[in-house]
Structure formats: structure tokens, C-alpha cells
Amino acid sequence: MKAMVIEKYGKNVPLLMTERPTPNIGEYDVLVEIYAASLNPIDFKIKEGKAKFLLTYKMPLILGNDFSGVVVKAGSRVSAFKPGDEVYGRPRKDRIGTLAEYIAIHEEDISLKPRNLTFEEAASIPLVGLTTYQAFSDILNLQKGQKILIHAGSGGVGTFAIQLAKLMGAYVATTASDKGYDLVKSLGADLIINYKKENFEEHLTGYDAVFDTLGGQVLEKSFQVLKPNGKIVSISGLPNARFGKEAKLGWMKTAILSIVSRKITALEKKTRTSYHFLFMKPSGAQLKIIKEFMEENRIKPVIDKEFTFKDAGLALQYLESGSAKGKVVVQIKPSLTQ
């Protein structure tokens with residue numbers, strides 16, 4: 001099969017189109033012919049070696065973390081899927097590789113694709129959908145009437161997060177530039193802070209939750225907008241000792257995380273809030289819930305740009321440039337029948 005691989009870590013390392021063996025499947029796996037994949041910041045972080053503390057891979061490595069496609073073979077003990085099923089999903093961290101013509105994936109990590117979406121639209125959803133759903137439902141326990149700040153509302157995660165927060169009945173503030181204003185407004189944002197002209201921490205106060213997608217100083221300033229007992233979930237900040245224990249990273253890595261995140265821990269204590277680093281887990285069951293939201297048109301996919309398979313390297317560069325509004329999708333096998 002054709003696949004896009006890297007042969008070593010590095011910012012300027014190219015994505016190479018190569019021939020790789022079609023993966024074998026286990027008894028609980030399905031083999032999926034991939035029609036489309038979408039790219040996410042974790043892809044260029046993996047490529048550049050910035051995720052090695054949490055994720056280690058052998059080279060050559062096929063990149064890509066979410067996809068849609070058609071089941072072509074099912075393992076002997078698979079009960080939920082059969083050849084011909086249109087599915088979408090996010091593979092486990094040790095089984096990534098969606099920039100390829102085929103992937104072997106555990107049946108628990110996929111769902112039937114939303115019927116009303118194209119393969120490209122469906123491929124844009126799994127990672128951002130699961131990340132947001134787990135942040136809002138599993139950690140924040142976001143309730144109707146609560147106030148949440150979502151950073152970078154016009155980004156891949158942000159565009160989904162605004163819609164899910166509104167679906168859950170929350171009041172949503174978000175940050176965006178002039179270029180992203182109309183988009184986040186159309187998705188339901190109640191208050192929009194132009195981060196190029198305004199400091200969000202000077203305008204917002206008494207919030208129940210913050211969903212941070214940027215990290216750094218933006219994360220640190222976000223503590224100022226929370227009320228006591230408020231919560232921050234970050235997908236770009238530093239993992240802390242709490243995460244190390246929950247992820248069972250061992251005492252040494254947990255101790256290291258405790259040291260490097262001590263500034264965040266101090267801010268937690270000072271503001272009487274709590275900070276959670278989220279490393280999303282695959283879940284076919286949650287993808288099924290998201291599928292229902294999509295089929296009911298309560299959440300819509302937001303795609304900025306689509307690239308051909310051979311231009312996956314350009315797609316990754318475009319994503320890393322930070323100019324994308326919504327998701328960047330790679331067509332692996334464009335379908336003529338949708």
C-alpha cells in the first residue's frame with residue numbers, strides 16, 4: 001500500500017510517499033480502506049519529536065491520527081462491523097498511521113460514519129470531536145448555563161468545541177482574529193474577544209471553565225478569568241503530576257512533570273481552581289454519540305482546505321502555519337459515489 005512516512009524526527013524532515021505492507025489484522029481488528037484523513041497539531045508535534053516524552057515510535061513512521069473509510073476485512077471475533085461498512089475513527093496512540101491506503105484498527109475505536117457526511121467531512125471529526133467531548137463531559141462536567149472560555153475558536157478543535165458547548169447549553173466566549181470573527185459567530189459564540197486587539201483576561205471574569213488549545217502565556221493568563229473551583233482543561237499546556245499518575249507514567253516521569261508544571265500548580269493554588277491536561281483516548285462509543293449529533297445537524301464539520309494524498313506534506317505545512325480556519329483534510333481515495 002502507499003503511505004506517507006517520516007524516516008526520522010525533525011521540523012524540516014519531509015513526508016515521503018513509500019510502499020508499505022498492508023497491515024495484518026488481529027481477531028478484534030478490522031482492515032479499513034482509507035478514503036480521507038485529517039491533520040491535527042499532534043501530527044507535526046510527533047513529526048518534530050516534540051511528543052517523545054509521551055509517545056515513542058519506530059521509524060519509518062506513518063503519520064496521521066484520524067480517518068474515514070470502508071471496512072474491507074473483519075477479524076474472526078469482530079461483532080460490530082462487516083466488510084462494506086462506512087466508518088470513521090481515531091486509532092490508539094501505538095497504532096497511528098492514517099496517511100495510508102489502509103489501516104488495521106480495533107473495533108472498539110471506530111463507529112459507523114455519519115450518514116449525512118462525505119468521507120472528507122467525516123474524517124475531520126474524530127480527534128477534535130473526541131477531544132472536546134472528553135474535555136466537556138468527562139472532566140469539566142459542563143452544565144447548562146455555565147460560562148466557558150474556548151481559546152482559538154476558529155481552529156480545528158475550537159470550531160467543534162463552540163458547537164458542542166452551545167449544544168450543552170453553555171454561554172461561550174472565544175478568542176479569534178478579524179478573519180475568524182464571522183466563522184465563530186456563525187457557530188454560536190456569545191462573546192468574541194479579538195486577541196490581536198484585546199486582552200481576554202481584562203474582559204472576562206467569573207467563568208466556570210476554560211478550554212485551552214494554545215498553552216504558554218495564554219494558559220497562565222486563563223486562570224484569571226475563572227471563579228473559585230473553576231476548571232481548566234488544556235490540550236497544549238504542560239502535563240502535570242496528576243496526569244502522570246492517571247496515565248501511569250511511572251514515578252520518574254511523574255516527578256519530572258511535577259517539576260516542570262510547578263508554575264501551573266502554583267496558579268491552581270493561588271486561584272483555588274483546578275488544571276487538567278487532556279490526552280484524548282480513542283472511543284468508538286463516544287464517536288457513536290457524536291455521529292448522532294452530526295446526523296441531527298446539531299453540529300456541522302468545518303473544513304478549511306482539502307489536499308490530495310501526494311500533497312500531504314504541503315497540508316501539514318499549511319496546518320502548522322496557523323492560518324487554517326477549521327480542519328485540514330487529505331483525500332486518500334476521493335469517492336465518486338457520495
| Would the number of heavy atoms belonging to other residues, nucleotides or ligands and lying under 6.0 Å from CG of Asn229 be above 12? | no
Closest non-hydrogen contact found for Phe309 with Ala3 is CZ-CA, 4.1 Å
For Glu33 and Lys333 the tightest heavy-atom approach is OE2-NZ, 3.1 Å
Cation over ring, Lys305 on Tyr318, under 6.0 Å and within 45°? yes
Exercise. Do other residues, nucleotides or ligands put more than 12 heavy atoms under 6.0 Å from the CZ atom of Arg92?
Worked result: yes
Heavy atoms of Tyr9 and Tyr57 approach each other most closely as OH-N, 3.5 Å
Between Lys166 and the options Asp190, Leu187, Ile299, the side-chain contact (heavy atoms from CB on, under 4.5 Å) test singles out Asp190
Tested for side chain to side chain donor-acceptor pair (under 3.5 Å) against Ser222, the lone hit among Gln217, Glu201, His151 is His151
Lys45 meets the side-chain hydrogen bond (donor to acceptor under 3.5 Å, both in side chains) criterion, sequence neighbours left out, with none
| In terms of hydrophobic clustering (I, L, V, M, F, W, Y; side-chain heavy atoms under 4.5 Å; direct or indirect links), are Val260 and Phe243 co-clustered? | yes
Only one of Lys147, Lys227, Lys231 passes side chain to side chain donor-acceptor pair (under 3.5 Å) with Asp208, and that residue is Lys227
Quick check: are there more than 12 heavy atoms from other residues, nucleotides or ligands sitting under 6.0 Å from NZ of Lys73? no
Intermediate values then yes/no, side-chain contact (heavy atoms from CB on, under 4.5 Å), Lys327 and Asp66: CA-CA 12 Å; Lys327 291 299 297 289; Asp66 50 4; 3.9 Å; yes
Is Ile162 linked to Tyr195 within one hydrophobic cluster, defined over Ile, Leu, Val, Met, Phe, Trp and Tyr using a side-chain heavy-atom separation of less than 4.5 Å? no
Cation-pi geometry met for Lys291 and Tyr88 (6.0 Å, 45°):
no
Group every Ile, Leu, Val, Met, Phe, Trp and Tyr by side-chain heavy-atom contacts under 4.5 Å, then state whether Phe44 and Ile42 land in the same group.
yes
Q.
Is there a path of hydrophobic side-chain contacts, each under 4.5 Å between heavy atoms, that joins Ile96 and Ile125?
A. yes
Taking the side chain as everything from C-beta on, heavy atoms only, tell me whether Tyr171 gets closer than 4.5 Å to Leu191. yes
### Task
Measure the acute angle between the ring planes of Phe211 and Phe136, then classify it against the limits of 30° and 60° as parallel, tilted or perpendicular.
perpendicular
Distance under 6.0 Å and angle within 45° of the ring axis: does Lys221 meet both against Phe200? no
Practice item. Taking atom CD of Glu292 as the centre, report whether more than 12 heavy atoms of other residues, nucleotides or ligands fall under 6.0 Å from it. Key: yes
Heavy-atom closest pair (Leu287 atom, Gly89 atom, distance to 0.1 Å) is CD1-CA, 3.6 Å
Worksheet item: For Met59, does the CE atom sit with more than 12 other heavy atoms under 6.0 Å from it, leaving out its own atoms?
Response: yes
(Q) Could you walk me through whether Asn65 and Lys93 satisfy the side chain to side chain donor-acceptor pair (under 3.5 Å) test, starting with their C-alpha distance in whole Å, then the side-chain angles of each, then the deciding distance to 0.1 Å, before giving a yes or no? (A) CA-CA 8 Å; Asn65 280 275; Lys93 61 184 180 181; over 6 Å; no
(request) Before giving the answer on salt bridge (charged side-chain N to carboxylate O under 4.0 Å, His left out), spell out for Lys47 and Glu320 the whole-Å C-alpha distance, their side-chain angles and the decisive distance to 0.1 Å. (result) CA-CA 11 Å; Lys47 175 179 174 289; Glu320 193 168 8; 5.8 Å; no
Which of Ile332, Val330, Val70 passes side-chain contact (heavy atoms from CB on, under 4.5 Å) with Ile34? Answer is Ile332
Using a strict threshold of under 4.0 Å (side-chain N to carboxylate O), is an ion pair present between Lys82 and Asp85? yes
Step by step, work out the side-chain contact (heavy atoms from CB on, under 4.5 Å) result for Leu31 and Thr22. CA-CA 9 Å; Leu31 182 68; Thr22 300; 4.1 Å; yes
*Check ion pair Asp178-Lys196 (N to O, under 4.0 angstrom)*: no
Looking only at heavy atoms, the pair that brings Ser137 and Met168 closest together is OG-CE, 4.0 Å
